[in-house]
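Just so we're clear, the structure is a prediction, and the values are computed from it rather than from any experiment.
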Amino acid sequence: MEKNPVHSPFFSIVTVAYNPGDLLKATMESVLEQEFKNFEWVVVDGGSSDGTQEFLRQQSDRIDQLLVEPDRGIYDAMNKGLSLANGAFVLFLNCGDRLLHPKVLSEVAAAATPATRIISSDFTTVSNARATEGNYIATAPCTLAHLRRDFNACHQAIYIHRSLWGRFDLDYRLLADYKWVVEAATGLPEEAIVHLSTSTVAYLKGGASAKSTLLNFKERFRLHRELFGFGQVLKNIPNYARRVLREVKQFILSPS
């Protein structure tokens, strides 16, 4: 993959995979079509048995760093991706999720200043990995003021500076990414946090978090209490209620 002549990449795009089928191909195409070339693509495969390993070997000249070995789940794989990443900022782009258009990395890079530590954007939910149009979701900057109430951002649209990289907490099965972003944002001045009011990623609906509603709520309560205290849990009750109503509405409207 041709790169700009710099010492290290500006972005590390990390994709973790385990038996993703054809979803990985859609993600790969959106990465490789980027006009901004100062990035690396890191792929961590947990030992897929669906032909993904063979596909990755065939594409080895287009992948900057590839690791294939068993892991303890998605967040363990993401920790391995962090260990391999060399960029100034990291983005986790899951299989089936896509950078929305070829200028995404150019736009994100243009928004960064030397003081920037977190960059986020709005996103679009899609029901097909090849779709570029769907439901536009407006989000908020990743400040603690917003994060303590809820995680309305999309992890696949958040770029974190390497100076803030911690480890994903494997005790959380669904919301370790939420905790990771909160820990990164803690102590940052507002000028270090940039938000783009435009969609940069097509997020494929139906991830693990969406399929485990009860565990999602349990981990959300736990995270808010652990990081912000029980008082914040009480303040968040209206947000929890809205989530419950949204889940009920989706259940009622979903095909039987």
Subject >> Exam field: side chain Tyr75 to backbone Leu174, donor-acceptor pair closer than 3.5 Å >> reply: yes
Original post:
Are any of the side-chain heavy atoms of Arg149 and Lys235 separated by less than 4.5 Å?
Top reply: no
Subject >> pair Ser60-Arg62: side-chain heavy atoms closer than 4.5 Å >> reply: no
**OP:** State, with a plain yes or no, whether a side-chain heavy atom of Asn94 is found less than 4.5 Å away from one of Gln156.
**Re:** yes
**OP:** Determine, using the 4.5 Å side-chain heavy-atom cutoff (strictly less than), whether Ile13 and Tyr18 are members of one ILVMFWY cluster.
**Re:** no
**OP:** Output the distance between atom CG (Asn239) and atom CD (Gln232), rounded to the nearest 0.5 Å.
**Re:** 8.5 Å
Subject >> Thr124 side chain to Ser199 side chain, donor-acceptor N/O pair below 3.5 angstrom >> reply: yes
Original post:
So with a 6.0 Å cut-off around CD of Glu54, is the heavy-atom count from everything else above 12?
Top reply: yes
Original post:
What salt bridge (Lys or Arg N to Asp or Glu O under 4.0 Å) pairs are there with at least one residue in residues 76-94, not counting sequence neighbours?
Top reply: Glu69-Lys80, Arg72-Asp76
Subject >> With Phe92 via ring pair (Phe, Tyr, Trp, His ring centres under 6.0 Å) - residues at least two apart >> reply: His155, Phe168, Trp180
Original post:
Nearest 0.5 Å, what's the OG-CG distance between Ser121 and Leu196?
Top reply: 6.0 Å
Subject >> Partner of Arg117 under side-chain contact (heavy atoms from CB on, under 4.5 Å), chosen from Val194, Ile193, Ile160, Leu188 >> reply: Leu188
**OP:** Flag the pair Leu82 / Ser12 as yes when at least one side-chain heavy-atom distance between them is below 4.5 Å, and no otherwise.
**Re:** no
Subject >> Cluster check Phe221, Leu214: I/L/V/M/F/W/Y, side chain < 4.5 angstrom >> reply: no
**OP:** Step through the shown structure and confirm whether more than 12 heavy atoms of other residues, nucleotides or ligands are within 6.0 Å of CZ on Arg167.
**Re:** yes
Original post:
When the ring centroid of Phe89 is compared with that of Phe10, is the distance short of 6.0 Å?
Top reply: yes
**OP:** For the residue pair Gln53 and Gln58, establish whether any side-chain heavy-atom pair is separated by less than 4.5 Å.
**Re:** no
Original post:
Under the 3.5 angstrom rule, does the side chain of Asn19 hit a backbone N or O of Ser49 as a donor-acceptor pair?
Top reply: yes
Subject >> Point-to-point distance, once rounded to the nearest 0.5 Å, from CG of Asn236 to CZ of Arg220 >> reply: 9.5 Å
**OP:** Sort out for me which residue in Val108, Val104, Leu105 forms a side-chain contact (heavy atoms from CB on, under 4.5 Å) with Phe36.
**Re:** Leu105
Subject >> Interatomic distance, Asp169 atom CG to Glu183 atom CD [nearest 0.5 angstrom] >> reply: 7.5 Å
Original post:
Hey, are the side chains of Leu56 and Leu24 touching, using non-hydrogen atoms and a 4.5 Å cut-off?
Top reply: yes
Original post:
So, Lys179 and Glu219, do they make that salt bridge, N to O below 4.0 Å?
Top reply: no
**OP:** Please find out if less than 6.0 Å separates the ring center of Phe151 from that of His224.
**Re:** no
Subject >> All pairs passing salt bridge (Lys or Arg N to Asp or Glu O under 4.0 Å) where residues 82-104 contributes a residue, at least two apart >> reply: Glu35-Lys103
Original post:
So, Ser48 and Asp45: side-chain donor and acceptor under 3.5 Å apart, yes or no?
Top reply: yes
Subject >> Minimum-distance pair of heavy atoms, taken over all atoms of Cys95 and Val16 >> reply: SG-O, 3.5 Å
**OP:** Mark yes or no for whether Thr139, through its side chain, and Ala153, through its backbone, hold a donor-acceptor pair below 3.5 Å.
**Re:** no
Original post:
Can you tell if the side chain of Asn86 reaches within under 4.5 Å of the side chain of Gln65, non-hydrogen atoms only?
Top reply: yes
Subject >> Phe123 and Tyr136 aromatic centres sub-6.0 Å >> reply: no
Original post:
Is there a side-chain contact between Val181 and Ile158 (heavy atoms, below 4.5 Å)?
Top reply: yes
**OP:** With rounding to the nearest 0.5 Å, note down the distance linking CG in Leu91 to CH2 in Trp41.
**Re:** 12.5 Å
Original post:
Between Tyr240 and Phe217, is the ring centre distance below 6.0 Å?
Top reply: no
Original post:
Got a donor-acceptor contact below 3.5 angstrom from the Asp71 side chain to the Gly73 backbone?
Top reply: yes
Original post:
Looking at CD1 of Ile74 and CG of Asp177, how far apart are the two atoms once the value is rounded to the nearest 0.5 Å?
Top reply: 8.0 Å
